[in-house]
Trainee: 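The structure that follows is given in the form of structure tokens.
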There are 2 protein chains.
Amino acid sequence: MALKNIPDIVVGRLPLYLRALQRMHDANQTVTSSQDLAARLGISAAQIRKDLSQFGEFGKQGTGYDIEYLMNQLSQILKVNRVWDIAVVGAGDIGSAVARYQGFTDRGYRITMIFDSNPNKIGTKVGSFVVQDAAHMVAAIQKAGVKVAMIAVPAANAQAVADELVKAGVQAILNYAPLSINVPEGVRVQHADPVTLLQRMTYYLD
Amino acid sequence: MALKNIPDIVVGRLPLYLRALQRMHDANQTVTSSQDLAARLGISAAQIRKDLSQFGEFGKQGTGYDIEYLMNQLSQILKVNRVWDIAVVGAGDIGSAVARYQGFTDRGYRITMIFDSNPNKIGTKVGSFVVQDAAHMVAAIQKAGVKVAMIAVPAANAQAVADELVKAGVQAILNYAPLSINVPEGVRVQHADPVTLLQRMTYYLD
């Protein structure tokens with residue numbers, strides 16, 4: 001499918017649509033509508049139809065969307081009709097929690113390695129992984145061809161880790177460290193610092 | 001300060017500005033500029049000036065921004081010049097990790113309670129907290145007047161937990177569960193499902 005230049009904000013909503021469809025599918029629902037999705041997601045039905053129409057004709061007027069078909073299409077668009085290996089950097093509380101997290105299964109990702117620079121952590125187990133020495137990180141990631149990583153190290157080390165990940169060929173970084181990291185053009189970063197998300201809400205509270 | 005109706009996307013950038021200023025302040029820097037912030041954040045200097053100008057006149061042409069002053073102003077705007085208590089629901093890997101997370105200090109938040117419904121977890125310790133029985137959650141949150149909560153329970157239970165939190169008076173929810181939760185008007189939700197953030201990036205990868 002040759003894609004036009006889709007706004008990133010639209011791309012950002014597709015995972016929400018896919019997630020809702022997967023939950024409907026798990027509940028043995030086979031058909032849905034933009035209204036049904038809208039009620040679950042708090043996004044207007046018109047917006048959902050408009051977003052999906054940018055990628056193709058997925059629904060029929062009056063009969064709605066075939067859930068399995070739309071799931072498959074969105075999985076393909078989001079490139080999660082395959083499994084991406086993930087390297088986790090930092091075996092502290094957050095890194096360990098994501099390494100143990102069961103929620104990646106069937107959603108396009110699997111953690112395959114975890115690194116730390118603390119000699120007390122190297123060689124210990126986190127879930128089913130042995131924590132590897134961060135000194136060998138670039139070589140290990142390059143060798144495995146891993147393109148996706150999560151940073152869960154203290155703020156002071158996060159930019160240096162990001163630089164190493166980029167050197168190793170990583171193209172997408174989920175950053176849990178509480179600072180904005182700089183990466184070259186072509187590398188994607190999403191920030192998952194819980195405090196910025198909280199502050200975005202308390203602005204509205206009394 | 002009487003505020004105009006500020007777009008939520010602008011509000012969402014203020015925590016990034018505050019975070020960058022706090023890091024500069026920690027490094028004993030006293031003055032900054034929109035260009036300096038832009039280089040750290042990957043947001044254009046013009047955008048930063050425009051965002052900040054919606055809230056007041058914080059900088060002087062030619063001399064830039066006084067970091068401490070701007071930090072104080074942004075803290076006040078984001079209402080984090082106080083400390084918000086947080087209730088965490090779910091004492092699994094993610095809930096335990098955020099309960100132990102040290103990164104809330106000086107940023108406007110502190111975890112004060114954690115709940116779970118699993119009898120094997122109730123009464124055990126997570127960091128410095130004793131896991132409380134979720135059956136008493138509504139009463140405990142109401143009594144303490146807690147307005148901010150994090151949901152870290154399995155998807156199947158997340159909506160029911162959200163409904164209880166709303167009943168208890170919670171007005172801001174950070175949701176780690178992998179689904180969109182519905183809340184009444186006036187209650188804020190931010191979603192922190194790592195998979196949706198990852199999918200938003202792999203869309204762009206080959």
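In what follows, chains are A, B, ... by sequence order, proteins preceding strands, each numbered from 1.
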Trainee: Apply side-chain contact (heavy atoms from CB on, under 4.5 Å) to B:T196 and A:L18, showing your working.
Mentor: CA-CA 9 Å; B:T196 58; A:L18 178 56; over 6 Å; no

Trainee: At a heavy-atom distance under 4.5 Å, which candidate from A:A97, A:G12, A:P178 has the highest pair count against chain B?
Mentor: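 Winner by heavy-atom pair count: A:P178.
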
Trainee: Looking only at heavy atoms and a cut-off of under 4.5 Å, which of A:P194, A:P154, A:G103, A:G186 has the most pairs with chain B?
Mentor: A:P194

Trainee: Nearest 0.5 angstrom please: A:L197 CG to B:M150 CE, how far?
Mentor: 9.0 Å

Trainee: Would you say A:R19 and B:S180 are linked by a side-chain donor-acceptor pair, where the criterion is simply a distance under 3.5 Å?
Mentor: yes

Trainee: Please report the interatomic distance CG(B:L78) to CD(A:Q199), rounded to the nearest 0.5 Å.
Mentor: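 Rounded to the nearest 0.5 Å, the CG-CD separation comes out at 5.5 Å.
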
Trainee: Tell me, for A:I173 versus chain B, whether the close heavy atoms (under 4.5 Å) come from the side chain, the backbone, both or neither.
Mentor: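 The backbone, not the side chain.
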
Trainee: Between B:D8 and A:Y204, is there a side-chain donor-acceptor contact under 3.5 Å, judged purely by atom types and distance?
Mentor: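 Distance-only check passes for A:Y204 and B:D8.
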
Trainee: Quick one: CD1 on A:I94 to CD on B:Q102, what's the gap to the nearest 0.5 Å?
Mentor: 10.5 Å

Trainee: Name the member of A:F104, A:Y176, A:W84 that forms the most heavy-atom pairs with chain B at distances under 4.5 Å.
Mentor: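 Ranked by contacts with chain B, first place is A:W84.
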
Trainee: Of all heavy-atom pairs between B:P15 and A:R200, which one has the smallest distance, and what is that distance?
Mentor: CG-N, 4.1 Å

Trainee: Is chain B contacted by the side chain of A:V183, its backbone, both, or neither, given a heavy-atom distance below 4.5 Å?
Mentor: neither

Trainee: Give, as side chain, backbone, both or neither, the part of A:A155 having an atom under 4.5 angstrom from any heavy atom of chain B.
Mentor: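 Answer is both: backbone and side chain atoms of A:A155 are under 4.5 Å from chain B.
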
Trainee: Is a donor on one side and an acceptor on the other found under 3.5 Å between the side chain of B:K79 and the backbone of A:L205?
Mentor: yes

Trainee: Main chain of A:D93, side chain of B:Y101: is a donor-acceptor contact present, judged purely on distance under 3.5 Å?
Mentor: no

Trainee: Measure B:R107 against the heavy atoms of chain A and call it side chain, backbone, both or neither at under 4.5 Å.
Mentor: both

